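One structure below.
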Amino acid sequence: MRNDNVLNPSIGCTILTEPFFFDREDWIPVPSNWSKNIVQGKTYDTNDAICDRLWSQIQERLSNKETDSKEPELVYEEGERYGQKYEIRSRIGQGAFRVLVTDTYSRRCAITGEKTLPVLEAAHIKPYAESGPNLTSNGLLLRSDMHILFDKGYMTLTKDLKMEISQRIREEYENGREYSAWYGEQLSQIPEPTNERPSAAFLEWHQENVYKS
């Protein structure tokens, strides 16, 4: 419990982006130096004999499995509660993607600067369904309405991170002055590390394949 009066304090966490699980017959006995009352992350060093043996056991089991790590696992929804069963493909790392993008943009909409977290969404520049990776350089933190317009091609970004607003908003909906006002404006939130800024390659893909010019 925190004793200070800080509102919405930053709390650190460890994110597992691609966990995997062995079948029961491949389970590894608990190492002798593992304690059940550990409440903080424990690390292992292969210079230690016990840790090195554990790593060898993991490597052995992985080498015996013929799996394709690129193919997402099929997940079944529970039919009894939600109706007929159907298959969906899990979005690997989607939760981690949202956390990282939210942190990268300091919990503010990249365009408007809005900081009301419930209306902010992690948007892919190149969609996940089009093989867009879950990387911060392929992400933007956007207010929900901006996210919808971006995904539908009514707005995009130039390589120098300035807004392009499609005339199709006004033509199709006889409105859109609020959004047209953002034309030519630069992102209000630009990540400090250059490798986390929107990738020119992903932006070009969005301009050519999504944007309604």
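Just so we're clear, the structure is a prediction, and the values are computed from it rather than from any experiment. No hydrogens, no waters, no symmetry mates; every other heavy atom, side chains included, goes into these values.
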Worksheet item: Does some side-chain heavy atom of Phe97 sit less than 4.5 Å from a side-chain heavy atom of Pro133?
Response: no
*Taking the side chain as C-beta and beyond, is there a heavy-atom pair between Leu203 and Thr158 under 4.5 Å?*
no
d(Thr102 OG1, Leu117 CG) to nearest 0.5 Å is 6.0 Å
_Residue pair Val101, Leu140: steps toward the side-chain contact (heavy atoms from CB on, under 4.5 Å) verdict_ = CA-CA 7 Å; Val101 170; Leu140 292 164; 5.8 Å; no
Trp27 side chain to Phe22 main-chain N or O, any donor-acceptor pair under 3.5 Å?
yes
Is it true that a side-chain atom of Asn209 and a backbone atom of Trp205 form a donor plus acceptor pair closer than 3.5 Å? yes
d(Glu174 CD, Glu172 CD) to nearest 0.5 Å is 11.0 Å
Over 12 non-hydrogen atoms of neighbours within 6.0 angstrom of CD in Glu192
no
Have Asp151 and His124 got a donor and an acceptor in their side chains that come within less than 3.5 Å?
-> no
Output for pair (Trp34 CH2, Leu54 CG), nearest 0.5 Å, gives 10.0 Å
Same cluster or not: are Val210 and Leu135 linked, directly or through other Ile, Leu, Val, Met, Phe, Trp or Tyr residues, by side-chain heavy atoms under 4.5 angstrom apart? no
Rounded to the nearest 0.5 angstrom, the CZ-CG distance for Arg168 and Leu149 is 13.0 Å
**Prompt:** When clusters are formed by joining ILVMFWY residues with side-chain heavy atoms under 4.5 Å apart, either directly or through shared neighbours, do Ile111 and Ile148 land in the same one?
**Reply:** no
Exactly one of Gln207, His206, Glu164, Glu208 clears side-chain hydrogen bond (donor to acceptor under 3.5 Å, both in side chains) with Thr156, and that residue is His206
Heavy-atom nearest pair, Lys162 first then Gly184, reads CD-O, 3.8 Å
Are Tyr211 and Tyr183 co-members of a hydrophobic cluster defined by side-chain heavy atoms under 4.5 Å apart?
no
Any heavy-atom pair between the side chains of Ile125 and Ser199 that's under 4.5 Å? no
* Asked: Does Ala110 offer a backbone N or O that forms a donor-acceptor pair with the side chain of Ser188 under 3.5 Å?
  -> yes
Q.
So Leu141 and Arg108, do their side chains get closer than 4.5 Å, heavy atoms only?
A. no
ask   = Strictly by modelled atom types, are Tyr179 and Asp145 linked by a side-chain donor-acceptor pair under 3.5 Å?
value = yes
Those residues at least two apart in sequence (or on a different chain) that pass side chain to side chain contact (heavy atoms under 4.5 Å, CB included) with Asn47 are Asp45
**Q.** Polar side-chain atom of Arg197 near backbone of Pro191 as donor-acceptor pair, under 3.5 Å
**A.** yes
When rounded to the nearest 0.5 Å, the distance separating NE2 of His147 from SG of Cys109 is 11.0 Å
Quick one: does any side-chain atom of Thr104 pair with a main-chain N or O of Thr136 as donor and acceptor, under 3.5 Å? no
Residue pairs meeting salt bridge (charged side-chain N to carboxylate O under 4.0 Å, His left out), one or both in residues 110-135, sequence neighbours left out, come to none
Indicate yes or no for a side-chain donor-acceptor contact from Arg107 to the backbone of Asp103 under 3.5 Å, with no hydrogens or angles considered. no
For Glu178, the side chain to side chain contact (heavy atoms under 4.5 Å, CB included) test, sequence neighbours excluded, returns Arg143
When every non-hydrogen atom of Phe202 is compared with those of Asn138, the smallest separation belongs to CG-OD1, 3.4 Å
Discussion item. Quick check: do Ile190 and Tyr105 have side-chain heavy atoms less than 4.5 Å from each other?
Written reply: no
Any sub-3.5 Å donor-acceptor pair from Asp48's side-chain atoms to Ile50's backbone N or O? yes
**Message:** If you count every heavy atom of other residues, nucleotides or ligands that lies below 6.0 Å from Lys159 atom NZ, does the total exceed 12?
**Reply:** no
Rounded to the nearest 0.5 Å, the CG atom of Leu157 sits from the CD atom of Gln186 at a distance of 9.5 Å
- Message: Could you tell me if the side chain of Met155 sits less than 4.5 Å from the side chain of Met163, heavy atoms only?
- Response: yes
**Study point:** Minimum side-chain heavy-atom gap Leu142-Leu120 below 4.5 Å
**Key:** no
- Task: Please examine the side chains of Tyr173 and Tyr154, heavy atoms only from C-beta on, and report whether any two atoms are closer than 4.5 Å.
- Result: yes
Practice task
Check step by step if side-chain contact (heavy atoms from CB on, under 4.5 Å) holds for Lys212 and Ile169.
Solution key: CA-CA 9 Å; Lys212 301 176 184 288; Ile169 297 180; over 6 Å; no
